[in-house]
Undergrad: 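Before we start, here is the structure in question, set down as structure tokens.
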Amino acid sequence: MRDPEESGNRPQSPGTTARRLLRDVLLAAGVLALAWLALGRLAVWEHRDRTDEPEWVAISILHWDQLVSGAPPAGAELDPPQWQEGGRWRRGVQRTMFGYPNPCLPKLVWGGLLHARGFHEASPLVFDVFERADPAAGARAQRALDPAQPLARRVVLALACLSALLVFLAARASLPAPWGWLAAALAYGLWFASPLVRGTATYIRTDFFMLPLALGALLLALANADSMAGRRGLARQLGVGLLLGLVCGLAVASKLNGALACVCVALWVPLVWWRVRGDGATVGWQGPALALLLAGLTSFAVFYA
């Protein structure tokens with residue numbers, strides 16, 4: 001990993017910094033807009049297999065209503081006796097695989113947007129554990145959520161486009177120019193060429209909530225390699241650790257396998273410290289250890305919250 005901002009440690013004038021910032025913002029906006037146009041045309045919008053999609057829409061609406069409005073857990077009255085004594089977050093729809101076993105961040109994002117657009121109700125019969133008693137009613141309950149699905153799909157598409165931008169930026173930051181630009185162009189093009197991306201960029205599942213956060217952790221690490229290693233002082237090192245913990249915590253709060261981002265951070269920090277020691281820099285191990293501890297505590301606190 002290298003620091004793309006490192007340029008011989010030459011000071012830059014405020015005007016130069018402002019122009020560079022404007023250039024980077026315009027570049028990111030252009031790359032993001034192109035991704036939206038490309039995926040809007042290339043992505044599959046009508047899925048033959050809609051497994052889990054109505055359930056994610058329903059749990060988002062019901063989770064938001066329970067959390068924000070204080071509503072009772074939907075479907076609790078349908079629970080068998082062994083679930084009647086469970087807490088309010090483990091009863092009704094919350095005891096399904098879309099409830100308490102899954103992190104809440106996507107449900108809050110979808111739920112808030114759907115609530116703002118007037119989607120306030122969903123039947124517990126959408127979920128398999130309740131649908132079994134009346135499959136016909138369950139099918140009707142799922143069809144009733146069809147009008148809410150385009151908005152949920154656009155959220156996923158926006159996150160897929162954000163992932164494309166982060167792939168581009170991470171590839172550019174990984175190598176010096178002009179190779180970084182070539183890597184960015186190849187990574188960006190291959191992103192759209194991937195059948196997996198095109199097939200899931202509008203699919204209502206939580207993967208695209210987790211992915212841009214994991215990519216954000218990678219980009220943050222690439223852009224702050226020297227700070228992670230301790231070359232720019234302990235305060236900067238701890239600041240990067242805090243940001244990495246925040247991003248990783250949000251990744252896990254989106255989908256549990258976002259924990260792989262935490263594993264990556266636990267490897268990146270000691271590796272970049274070892275690299276600068278090999279370059280002859282005098283940096284102690286205490287700073288990286290503190291940064292890692294702060295990152296771990298922050299990620300756990302965010303996920304727990």
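Quick caveat: nothing in here was measured; it's all calculated off a predicted structure.
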Undergrad: So, does S299 use its side chain to make a donor-acceptor pair with the main chain of G296 at under 3.5 Å?
TA: yes
Undergrad: Tell me whether W45 contacts the main-chain N or O of G40 through its side chain, where contact means a donor paired with an acceptor under 3.5 Å.
TA: yes
Undergrad: With a sphere of 6.0 Å drawn around CZ of R117, does it hold more than 12 non-hydrogen atoms of other residues, nucleotides or ligands?
TA: no
Undergrad: Between L26 and R23, is there a side-chain heavy-atom distance shorter than 4.5 Å?
TA: no
Undergrad: CG of L218 to CG of L213: how many Å apart, nearest 0.5 Å?
TA: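 These two atoms lie 13.0 Å from each other.
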Undergrad: With the side chain counted from C-beta on, respond yes when T200 and D207 share a heavy-atom pair under 4.5 Å apart, and no when they do not.
TA: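 T200 does not reach D207 side chain to side chain.
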Undergrad: Restricting to non-hydrogen atoms, name the atom on P270 and the atom on L292 that form the minimum distance, rounded to 0.1 Å.
TA: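 Of all heavy-atom pairs spanning P270 and L292, the closest is CD-CD1, 4.0 Å.
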Undergrad: Kindly compute the distance separating CG (L22) from CZ (R20), expressed to the nearest 0.5 Å.
TA: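 Here the rounded value is 13.0 Å.
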Undergrad: Search all heavy atoms of F208 against all heavy atoms of S163 and return the closest pair with its distance.
TA: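 For F208 versus S163, the nearest heavy atoms are CD2-OG, 3.9 Å.
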Undergrad: Rounded to the nearest 0.5 Å, what separates atom CG in N102 from atom CD1 in I59?
TA: 9.0 Å
Undergrad: Output the distance between atom CH2 (W89) and atom CD (Q66), rounded to the nearest 0.5 Å.
TA: 4.0 Å
Undergrad: Measure the CZ-CD distance between R231 and Q237 for me, rounded to the nearest 0.5 Å.
TA: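 R231 atom CZ to Q237 atom CD measures 12.5 Å (nearest 0.5 Å).
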Undergrad: Taking side chain as C-beta onward, heavy atoms only, is E55 less than 4.5 Å from T96?
TA: no
Undergrad: Any donor and acceptor pair, going by atom type alone, linking the side chain of K107 with main-chain N or O of G99 inside 3.5 Å?
TA: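 Confirmed, K107 side chain pairs with G99 backbone.
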Undergrad: Is the distance between the ring centroids of W110 and F209 under 6.0 Å?
TA: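 That pair passes the under 6.0 Å test.
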Undergrad: Looking at side-chain heavy atoms only, is the closest gap between F130 and S123 below 4.5 Å?
TA: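 Counting from C-beta outward, F130 and S123 never come under 4.5 Å.
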Undergrad: Given the rule in the side-chain contact (heavy atoms from CB on, under 4.5 Å) test, do S254 and T206 qualify, once you have shown the distances and angles that lead to the verdict?
TA: CA-CA 7 Å; S254 299; T206 60; 5.9 Å; no
Undergrad: R236 and N224: side-chain contact (heavy atoms from CB on, under 4.5 Å), yes or no, with the steps?
TA: CA-CA 9 Å; R236 184 77 175 262; N224 294 277; 3.7 Å; yes
Undergrad: To the nearest 0.5 Å, tell me how far C248 SG sits from L220 CG.
TA: 9.0 Å
Undergrad: Can you confirm whether W179 is buried at CH2, in the sense that more than 12 heavy atoms of other residues, nucleotides or ligands lie under 6.0 Å from that atom?
TA: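 12 or below, so no.
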Undergrad: Tell me if the CD atom of E121 is crowded by more than 12 foreign heavy atoms within 6.0 Å.
TA: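 No, because the 6.0 Å sphere around CD of E121 holds 12 heavy atoms or fewer from other groups.
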Undergrad: Check whether any side-chain heavy atom of V247 lies under 4.5 Å from a side-chain heavy atom of V265, and answer yes or no.
TA: no
Undergrad: Specify the closest pair of heavy atoms between P288 and W273, including all atoms of both residues, with the distance to one decimal.
TA: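 That would be CG-CD1, 3.5 Å.
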Undergrad: When hydrophobic residues are tied together by side-chain contacts of less than 4.5 Å, even through go-betweens, does Y188 share a cluster with V197?
TA: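 Both belong to a single hydrophobic cluster.
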Undergrad: Let me see the working for W36 and L162 under side-chain contact (heavy atoms from CB on, under 4.5 Å), right down to the final yes or no.
TA: CA-CA 9 Å; W36 180 268; L162 178 59; over 6 Å; no
Undergrad: Check V272 against A225 and note the closest heavy-atom contact, atom names and distance.
TA: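 Nearest heavy atoms, V272 then A225: CG2-O, 3.6 Å.
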Undergrad: If we only count heavy atoms from C-beta on, is the L256 to F303 side-chain gap below 4.5 Å?
TA: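 The answer is yes, as the side chains (C-beta and beyond) meet within the 4.5 Å cut-off.
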Undergrad: Does some side-chain heavy atom of L62 sit less than 4.5 Å from a side-chain heavy atom of F98?
TA: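 No, side chains not in contact.
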Undergrad: Without swapping roles, check the side chain of H120 against the backbone of H115 for a donor-acceptor pair under 3.5 Å.
TA: yes
Undergrad: I'd like to know if F192 and V167 are part of one continuous hydrophobic network [Ile/Leu/Val/Met/Phe/Trp/Tyr, side-chain heavy atoms within less than 4.5 Å].
TA: yes
Undergrad: Could you tell me whether the side chain of S174 and the main chain of A171 form a donor-acceptor pair under 3.5 Å?
TA: yes
Undergrad: May I ask you to decide if A71's main-chain N or O and R88's side chain share a donor-acceptor pair within less than 3.5 Å?
TA: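 Here the side-chain-to-backbone pair exists.
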Undergrad: For I204, does its backbone N or O pair with a side-chain atom of E53 as donor and acceptor, under 3.5 Å?
TA: yes
Undergrad: Does one hydrophobic cluster hold both V57 and L159, with members joined at side-chain heavy-atom distances below 4.5 Å?
TA: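 In one cluster: yes.
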Undergrad: According to a hydrophobic-cluster definition based on side-chain heavy atoms being under 4.5 Å apart (Ile, Leu, Val, Met, Phe, Trp, Tyr only), do L166 and L27 belong together?
TA: yes
Undergrad: Quick check: are there more than 12 heavy atoms from other residues, nucleotides or ligands sitting under 6.0 Å from OH of Y100?
TA: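 Enclosed: over 12 neighbouring heavy atoms sit under 6.0 Å from OH of Y100.
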Undergrad: Find out if a path of hydrophobic residues (ILVMFWY) with successive side-chain heavy-atom gaps under 4.5 Å connects L219 to L243.
TA: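 The answer is no; the residues belong to distinct hydrophobic clusters.
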Undergrad: Could you tell me whether R198 atom CZ has more than 12 heavy atoms of other residues or ligands within 6.0 Å of it?
TA: yes
Undergrad: Would a distance-only check, ignoring hydrogens and angles, find a side-chain to backbone donor-acceptor pair under 3.5 Å from Y203 to V44?
TA: no
Undergrad: So which heavy atom on A76 is nearest to which on R91, and how close?
TA: O-NH2, 3.3 Å
Undergrad: What closest approach, in Å, do C161 and L32 show between heavy atoms, and which atom pair accounts for it?
TA: O-CD1, 3.5 Å
